[in-house]
Amino acid sequence: AHPPYGAMYIASSLLDEGHEVRIENGDIEKFDYAQLRNRIKNFSPDIIGFSTPVSTYYKYVKDASTFIKDQFPNLKIVLGGGLTAAAETVLNNTNVDIIVIGEGDITIKELVTRIERKESYHDISGLAFREGENIVKTQKRMPISNLDILKYPAFDLVDMDKYLMDVKDFVSRFPWYKNPDKRLFEPHRSKKMLRIPISRGCINACSFCYRHMRGLRHFSFNYIFDYIEYLMEKFGVNIFSFGDECFAPNKAWNWKF
């Protein structure tokens, strides 16, 4: 399993604004609806967010949003991630109130502020929501051009012991990989391994992809290697893999890296 980076970046943006945030990862913890109700009741949030990296989350969102609205009818339910490519279907068939389309790091700050003040969010870019019988889509949110403005993901909100892999276990998944680099198993080296993304987007535009935007953006090299040093110190990690959709876009970038 890999850390829920989408939710962690959103949480980081909200923490930066002084909001109180909690992340509950059902993929890892496998809690049932009774436990979900207790967690919501104990935390007493004003907003529930669903992070949906892939479309297969649809059934869970449909069932869970119905359950949450039944138990907590005044809670706003916000959804982000890959499933938002089907915004109209989600809004018409679930109890989700607002969908954040595209990158949510900036959008979520603006949206939560408006909800907190009980003000209209019609002029916030990158949203879709129900209004009576209609679905309103605001103007498209432009991608963040300089990713270095983003704070590190909110690692302290998740149990990282669940996401730090043993490199031996990782290598064993690939039996055809006969001669792994011997440095992986040097006795002085930590065996902890962490997968991190260092870019957003892709250079391709496949017809079957949900992507909201074209183009590839990297964090700067200074940002990336400061980030890696931070993770080494914080978690004792010596080995990294890169979980980007398009890690190696061209030879020039690869050589610089």
Side-chain angles (χ1 to χ4, degrees), residues 1-13 15 21 23-30 49-57 80-83 103-105 143-144 147-148 150-186 188-204 206 209-211 216-250 253-254 256-257:
H2 310 298
Y5 283 112
M8 290 161 64
Y9 272 110
I10 295 299
S12 180
S13 289
L15 289 169
V21 187
I23 294 176
E24 305 285 1
N25 191 344
D27 280 344
I28 291 292
E29 298 188 55
K30 308 297 183 188
F50 281 103
S51 178
T52 57
V54 291
S55 61
T56 49
Y57 281 82
L83 189 54
E103 286 177 302
D105 309 82
I144 300 169
L147 295 180
D148 285 11
L150 300 177
K151 300 288 181 67
Y152 294 163
F155 288 101
D156 292 337
L157 295 187
V158 300
D159 181 359
M160 284 300 293
D161 287 338
K162 292 182 168 67
Y163 304 106
L164 295 173
M165 296 176 278
D166 186 308
V167 69
K168 290 183 179 179
D169 294 336
F170 181 78
V171 171
S172 69
R173 298 178 192 174
F174 307 96
W176 57 87
Y177 190 37
K178 301 296 184 184
N179 297 301
D181 193 316
K182 291 182 175 58
R183 289 173 296 180
L184 294 176
F185 309 111
E186 290 173 346
H188 72 280
R189 192 181 299 278
S190 167
K191 299 303 181 288
K192 293 178 182 178
M193 174 180 169
L194 179 61
R195 177 163 291 175
I196 59 172
I198 58 172
S199 69
R200 291 185 179 183
C202 182
I203 59 175
N204 299 305
C206 299
C209 185
Y210 73 86
R211 186 167 312 291
L216 176 67
R217 292 152 294 138
H218 279 94
F219 292 90
S220 70
F221 287 143
N222 284 340
Y223 185 103
I224 291 169
F225 293 112
D226 284 348
Y227 179 42
I228 288 174
E229 286 187 354
Y230 163 81
L231 294 171
M232 291 172 71
E233 293 173 4
K234 187 172 180 65
F235 299 116
V237 184
N238 262 343
I239 303 165
F240 294 87
S241 69
F242 299 100
D244 300 85
E245 292 179 282
C246 187
F247 170 73
N250 58 63
W253 188 90
N254 299 351
K256 288 178 183 178
F257 182 79

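We're numbering straight along the sequence, starting at 1.
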Inset, instruction - Return the orientation label for the Phe219 and Tyr9 ring planes: parallel under 30°, perpendicular over 60°, tilted otherwise. - result: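 It falls in the parallel class, under 30°.
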Inset, instruction - Applying side-chain contact (heavy atoms from CB on, under 4.5 Å) between Ile228 and each of Val237, Ile198, Ile196, report the one that passes. - result: Ile196
For [X] and [Y], which heavy atoms make the closest approach, and how far apart are they?
X	Y	value
Leu15	Ala154	CD1-CB, 4.0 Å
Ser199	Leu216	OG-CD1, 3.8 Å
Gly6	Ser51	C-OG, 4.4 Å
His2	Met165	CE1-CE, 3.8 Å
Met8	Pro3	SD-CB, 3.7 Å

Legend entry - Flag for Asp226-Tyr152: side-chain donor and acceptor within less than 3.5 Å: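 Tyr152 vs Asp226: no donor-acceptor pair found between side chains.
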Any side-chain heavy atom of [X] sitting closer than 4.5 Å to one from [Y]?
X	Y	answer
Leu157	Val21	yes
Arg200	Pro143	no
Lys182	Phe185	no
Phe155	Tyr5	yes
Met160	Lys192	no
His218	Leu147	no
Pro4	Tyr163	yes

Just by distance, do the side chain of [X] and the backbone of [Y] share a donor-acceptor pair under 3.5 Å?
X	Y	result
Asp159	Asp161	yes
Lys30	Ile28	no
Thr52	Gly80	yes

Just how far is it from atom [atom1] of [X] to atom [atom2] of [Y], taken to the nearest 0.5 Å?
X	Y	atom1	atom2	value
Ser220	Asp148	OG	CG	3.5 Å
Leu150	Ser12	CG	OG	8.0 Å
Ile23	Ile10	CD1	CD1	10.0 Å
His188	Asn238	NE2	CG	7.0 Å
Glu229	Lys234	CD	NZ	15.5 Å
Phe235	Ser190	CZ	OG	12.5 Å

Inset, instruction - Verify whether the ring centers belonging to Tyr227 and Phe240 lie closer than 6.0 Å. - result: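 No, the ring of Tyr227 stays outside the 6.0 Å limit from the ring of Phe240, centre to centre.
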Legend entry - Carboxylate-amine/guanidinium contact Lys162 Asp27, below 4.0 Å: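 No.
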Inset, instruction - Can you sort out the partners of Leu184 under side chain to side chain contact (heavy atoms under 4.5 Å, CB included), two or more places apart, ordered by chain and number? - result: Val167, Val171, Pro180, Asp181, Ile239
